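Beneath this line is the structure, given in structure tokens, with notes to follow.
Just the heavy atoms: all of them, side chains too, but no hydrogens, waters or symmetry mates, feed the values below. All chains are named by letter (A, B, ...) in the order of the sequence lines, taking the proteins before the strands, and each is independently numbered beginning at 1. Note that the structure is predicted; figures quoted are calculated from it, not measured.
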Amino acid sequence: MSRADAAAFIGALSLANPSPRSELHYHDPFTLLVAVVLSAQATDAGVNKATPALFAAAPTPAAMAALGEAEIGRHIRTIGLWQSKARHVAALSRALVEQHGGVVPHDRTALEALPGVGRKTANVVLNVAFGEATMAVDTHIFRIGNRTGLAPGKTPRAVEEGLVARIPADKLRDAHHWLILHGRYVCKARRPECWRCVAAAWCRYPAKTPAPDA
DNA sequence: ATCCCGAGGG
DNA sequence: CCCTCTGGAT
């Protein structure tokens with residue numbers, strides 16, 4: 001897909017979702033980082049319910065490290081994979097204190113070396129908190145990139161590079177919100193609702209589900 | 001039953 | 001590449 005079409009595609013999605021919001025609203029690097037770690041394979045509702053109390057108790061790496069794994073676990077017991085996440089959050093907080101002066105590093109290699117942090121999570125922090133021109137490719141964005149031709153690729157890395165090459169740098173941040181919302185409610189993995197997709201004109205994926213009572 | 005805004009380990 | 005971790009929503 002050309003850059004012009006990509007801009008039109010993203011523009012259509014932005015009009016359909018004029019007020020994007022999610023746990024990505026954390027701008028502080030540390031709370032953003034922890035919120036994203038907690039989000040993996042969990043519902044956003046669960047994360048949004050648990051994080052306010054957790055961050056009130058421990059807003060910084062030092063405070064989180066002091067809080068400890070057991071107490072972190074008590075705060076996040078209602079979300080999936082909480083045991084390994086409590087372990088990772090405790091370990092990454094200690095690592096930030098001991099190796100980075102209690103500050104989230106503005107550096108991909110250092111971020112990905114933290115426990116529980118992979119390329120996707122590192123990209124969220126790099127883009128949302130530090131303004132780097134990168135995209136965090138989750139399952140939704142990976143699927144949309146391939147279905148639509150917006151950014152085809154066999155690996156998340158390839159899709160990421162295609163998106164960064166086609167979407168204007170100043171729109172990458174909001175593109176996360178729009179693409180994820182679109183992937184969740186319209187361009188779903190199963191039974192995509194193509195008949196109500198605002199970006200269908202730029203999409204090459206054939207509608208496999210007929211519109212209800214149409 | 002099946003899926004989720006992943007990451008680590010085998 | 002495949003498996004596992006895990007509660008909650010649908």
Candidates C/dT6, B/dC5, B/dG6 - which lies nearest the side chain of A/Ile180 | B/dC5

Decide, yes or no, whether a salt bridge links A/Glu160 with A/Arg119 under the criterion of side-chain N to carboxylate O below 4.0 Å.
-> yes

Can a side chain N or O of A/Ser84 be found less than 4.0 Å away from OP1 or OP2 on C/dT4?
-> no

What does A/Gly116 touch in the nucleic acid at a heavy-atom separation under 4.0 angstrom: a base, only the sugar-phosphate, or nothing?
-> sugar-phosphate

Identify whether any heavy atom of A/Val37 sits under 4.0 Å from a base atom; if not, whether one sits that close to sugar-phosphate; answer base, sugar-phosphate or nothing.
-> nothing

Starting at CD of A/Gln41 and ending at P of B/dT2, how long is that distance when rounded to a whole Å?
-> 16 Å

Closest heavy-atom pair, A/Val125 versus A/Leu32, reported as atoms and distance to 0.1 Å, is CA-CD2, 3.9 Å

Ionic contact status for A/Asp44 with A/Arg184, cut-off 4.0 Å | yes

Of B/dA7, B/dC5, C/dT6, the nucleotide closest to the side chain of A/Trp82 is C/dT6

Between C/dG7, B/dC5, B/dC4, which nucleotide gets closest to the side-chain atoms of A/Ala189?
-> B/dC4

Value in whole Å for how far the P atom of B/dC5 lies from NZ of A/Lys85 | 11 Å

Within the structure shown, what part of the strands sits under 4.0 Å from A/Leu114 by heavy-atom distance: base, sugar-phosphate, or nothing?
-> sugar-phosphate

Kindly point out which of B/dA7, B/dC3, B/dC5 is positioned nearest to the side chain of A/Arg190?
-> B/dC3

OP1 or OP2 of C/dG7 sitting under 4.0 Å from any side-chain N/O of A/Thr43?
-> no

Between C/dC5 and B/dC4, how far is it from one C1' atom to the other, in whole Å?
-> 13 Å

Taking for each residue the nucleotide of DNA chain B with the nearest heavy atom, is it A/Arg143 or A/Glu112 whose nucleotide lies nearer the 5' end?
-> A/Arg143

A/Phe130 vs A/His106 aromatic rings, parallel, tilted or perpendicular, using cut-offs 30° and 60°?
-> parallel

For residues 74-96 of chain A, which residue pairs qualify under ring-ring contact (aromatic ring centres under 6.0 Å, His included), counting only residues two or more places apart or in two chains?
-> none

When rounded to whole Å, the CG to P distance for the pair A/Asp44 and B/dC3 reads 18 Å

Any A/Gln83 side-chain N or O less than 4.0 Å from OP1/OP2 of C/dT6 = yes

